[in-house]
2 protein chains.
Amino acid sequence: MPTPHDLCPVTWDGDAVRYLDQRRLPHDVRHERARSVEEIEAAIKTLAVRGAPAIGVFGAYGVALLRDLIADDEAFRAAAQRVREARPTAVNLAWAVDRVLAASNMLAEAKEIHREQIAMDEAMADAGLDLIPKNARILTHCNTGPIATAGGGTALGVIVAAQRAGKKPHVFVDETRPLLQGARLTYFELQQAGIDATLQVDGAAAIAMQRQHIDLVIVGADRIARNGDTANKIGTYGLAVLAAHHGIPFYVAAPRSTFDFAMRSGDEIHIEERAPEEVTAFGGTPVAPTGAAVYNPAFDVTPGHLVTAFITEYGVVKPPYAETIAALELRPRFSALI
Amino acid sequence: MPTPHDLCPVTWDGDAVRYLDQRRLPHDVRHERARSVEEIEAAIKTLAVRGAPAIGVFGAYGVALLRDLIADDEAFRAAAQRVREARPTAVNLAWAVDRVLAASNMLAEAKEIHREQIAMDEAMADAGLDLIPKNARILTHCNTGPIATAGGGTALGVIVAAQRAGKKPHVFVDETRPLLQGARLTYFELQQAGIDATLQVDGAAAIAMQRQHIDLVIVGADRIARNGDTANKIGTYGLAVLAAHHGIPFYVAAPRSTFDFAMRSGDEIHIEERAPEEVTAFGGTPVAPTGAAVYNPAFDVTPGHLVTAFITEYGVVKPPYAETIAALELRPRFSALI
């Protein structure tokens, strides 16, 4: 069995950036070493490294490594740009690359980004701990753990903190179609953390709430508007409606960087639609008729009024969100607090 | 492309019972001929023939065939018993076998059972037609079409009737994990019927209701209690909650034989839990960690108050169900009406 340390998705390795090849999980826990711009770019593009915060940390170390490898300034800048653009939708990647490029000591800055990520996830987990009762039965969706953030995780970080505090949570994990991040990654992370977990198809969430005494739902987020409207993995909105119907609290764990303070409501969030093959084929085997038309939105938007509270590195943010999210925007930089 | 006739799941073929091997769908439309008790039993046990009504018709023809093949009365009775017990949970199978065994002309009785099934599905489709507006956008779950009933289908039969009436429905099909009956069978049947259809993962149902202007949900049922509580494929209950949240009608199409008049409420319905491998593996490929604990209920129970109406072969049954389902019990035998 791998030790928890082996689950670090990204680590600095002297003359390389070491990363966990997430495509092989859960059956093959294998680390690779990226030692060139081609290898760094490929690791991101092929989704061997995934999870926006983890990609950011990986890109930061990657640029620091390239600075060591490439003496010529112009060639280095071009290489850094390739890394920066390897995954255009990952906001953290461009942000981290720019921050490293602007630093006098690039490796020190990359390590600082990684340290801040770990501290931020810890602060989020601490903030959420009081919301988790002893022996809580928790439902979660998609993957929000250490391998996605290179820290302790967001929603899963709160659950792990509850386990460490002796609260013995039991987690019901939605498999999370179409890409099965729940089955492949979240269940695996819970198993590694020694947390009781039960896997279910997404369609079983309603009966789980009805008959399995679920105490709370906790998920991550991709983007949150000023009114609390939350974009997250497809299936999240349905869970929020079901939680409200059953009188179960619905929490979203996300750092302040996930809040888009320029966005007034979720109506402005563009819903990316992904390739039909994610739905019509499974591991290369077709499961639907040839030529099937597919609706495959990557995300959905949960209205803020269905979110009981947000768990952030600054503490728990409760309604009315028009006021409390505005206040969150005004808090000092997190790095100044640690 | 196969013609609609090729989709008959069961037909009498003189010296054999011809059946569609549903395991090979949608990519291979292949019929086989069962000519012995071993072949009849295997077709049922291996799920080559599935769908409770279709299994009933298949079993009826099967017993009629065995009567032709086996002269010895005792040997024939033993063979019929093997057919009767090939799928213990399929109520229709035992019922159809017993009915054929009690008849003086077994083949005529089997054909009568098949004719009644077709007439019943047609009556259900006619009853539901008025509930479908022109250009309706319909969401459905699991498989309820001709290949499941050996007639026109239940929920899907209503949709096909709407198409024939020129209403041009557009159907959003939940893939229906874990066994993907929506992707493999329902989408295929809609395609064959020339009906516009869109496939989606089960977790996309909520955003479809929110952003794709769904007009109604229609599903089948496995068992319905006197108060309208409805057991159906896992995921149905969640859909009913989502439909209520979005103000969308939620219809259940099912013949009277699906109503269990002895059952006062859904609390009495036993929820079968199926093998974990349905969730942890996909076409033989593992997708979850070894040893994962799984919650895999085959069905869930939708409370009657979330069902807008039932569509039966006797017409549309609306609330208050305590009265209207009691009245349904008292209606004359359907076969006496046709």
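First the proteins, then the strands, lettered A, B, ... as listed; each starts at 1.
- For a residue to count as touching a neighbouring chain, one of its non-hydrogen atoms must lie under 4.5 Å from one of that chain's; by this rule Ala240(B) does not touch chain A.
- For chain A, no part of His141(B) is nearby; none of its heavy atoms comes within less than 4.5 Å.
- Contact annotation for Leu180(B): only side-chain heavy atoms (C-beta onward) come within less than 4.5 Å of a heavy atom of chain A.
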Quick one, Ile207(A) with Ile271(B), criterion side-chain contact (heavy atoms from CB on, under 4.5 Å). Give me CA distance, side-chain angles, the key distance, then yes/no. CA-CA 10 Å; Ile207(A) 189 176; Ile271(B) 304 287; 4.2 Å; yes
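- Of the atoms belonging to Pro297(B), it is side-chain heavy atoms, and not backbone ones, that fall under 4.5 Å from chain A.
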Let's go through Val287(B) and Phe282(A) carefully: what are the C-alpha distance in whole Å and the side-chain angles of both, what is the deciding distance for side-chain contact (heavy atoms from CB on, under 4.5 Å) to 0.1 Å, and is it a yes or a no? CA-CA 10 Å; Val287(B) 293; Phe282(A) 210 101; 3.7 Å; yes
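- Around the CZ atom of Arg23(A), the shell of radius 6.0 Å holds more than 12 heavy atoms that belong to other residues, nucleotides or ligands.
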Going through the distances and angles, do His170(A) and Tyr295(B) end up as a ring pair (Phe, Tyr, Trp, His ring centres under 6.0 Å)? CA-CA 13 Å; His170(A) 185 114; Tyr295(B) 179 47; over 10 Å; no
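- Put simply, the side chain of Asn296(B) does not reach to within 4.5 Å of the side chain of Gln200(A), judged on heavy atoms.
- His245(B) contributes no side-chain N or O that, together with a main-chain N or O of Ala244(A), makes up a donor-acceptor pair within less than 3.5 Å.
- Atoms OG1 and CD, from Thr302(A) and Gln210(B) in turn, are 8.0 Å apart once rounded to the nearest 0.5 Å.
- The contact between Pro26(B) and chain A is made entirely by side chain atoms (from C-beta outward), counting heavy-atom distances below 4.5 Å.
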Passes side-chain contact (heavy atoms from CB on, under 4.5 Å), Arg177(B) versus Asp202(A)? Steps please. CA-CA 8 Å; Arg177(B) 281 282 286 155; Asp202(A) 303 331; over 6 Å; no
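- Note: Ala206(B) leads Gly291(B), Gly238(B), Gly182(B), Ala206(B) in heavy-atom pairs under 4.5 Å with chain A.
- Between Pro289(A) and Gln191(B) the shortest heavy-atom distance is CB-OE1, 3.1 Å.
- The part of Gln212(B) that comes within reach of chain A is its side chain, from C-beta onward, which places non-hydrogen atoms under 4.5 angstrom from that chain.
- Remark: Tyr187(A) pairs with no residue by the ring-ring contact (aromatic ring centres under 6.0 Å, His included) rule, at least two apart or across chains.
- Residue Ala205(B): no heavy atom, backbone or side chain, is found under 4.5 Å from chain A.
- Here the closest heavy-atom approach between residue Ala293(B) and residue Ala197(A) is recorded as CB-O, 3.6 Å.
- Identified by a heavy-atom distance below 4.5 Å to chain A, contributing residues of residues 213-230 of chain B are lacking entirely.
- With values rounded to the nearest 0.5 angstrom, Thr290(B) atom OG1 is found 10.5 Å from Phe188(A) atom CZ.
- Contacts of Pro276(B) with chain A are absent, with no heavy-atom separation under 4.5 Å from either backbone or side chain.
- In terms of heavy-atom pairs under 4.5 angstrom with chain A, the leader among Leu199(B), Val301(B), Val294(B) is Leu199(B).
- Heavy-atom distances place no part of Val173(B) under 4.5 Å from chain A, backbone and side chain included.
- Of the atoms belonging to Thr285(B), not a single heavy atom falls under 4.5 Å from chain A.
- Across His27(A) and Ala288(B), no two heavy atoms sit closer than the pair NE2-O, 3.0 Å.
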Would you sort out whether Asp300(B) and Arg211(A) count as a side-chain contact (heavy atoms from CB on, under 4.5 Å), showing the intermediate values? CA-CA 10 Å; Asp300(B) 56 26; Arg211(A) 300 200 176 200; over 6 Å; no
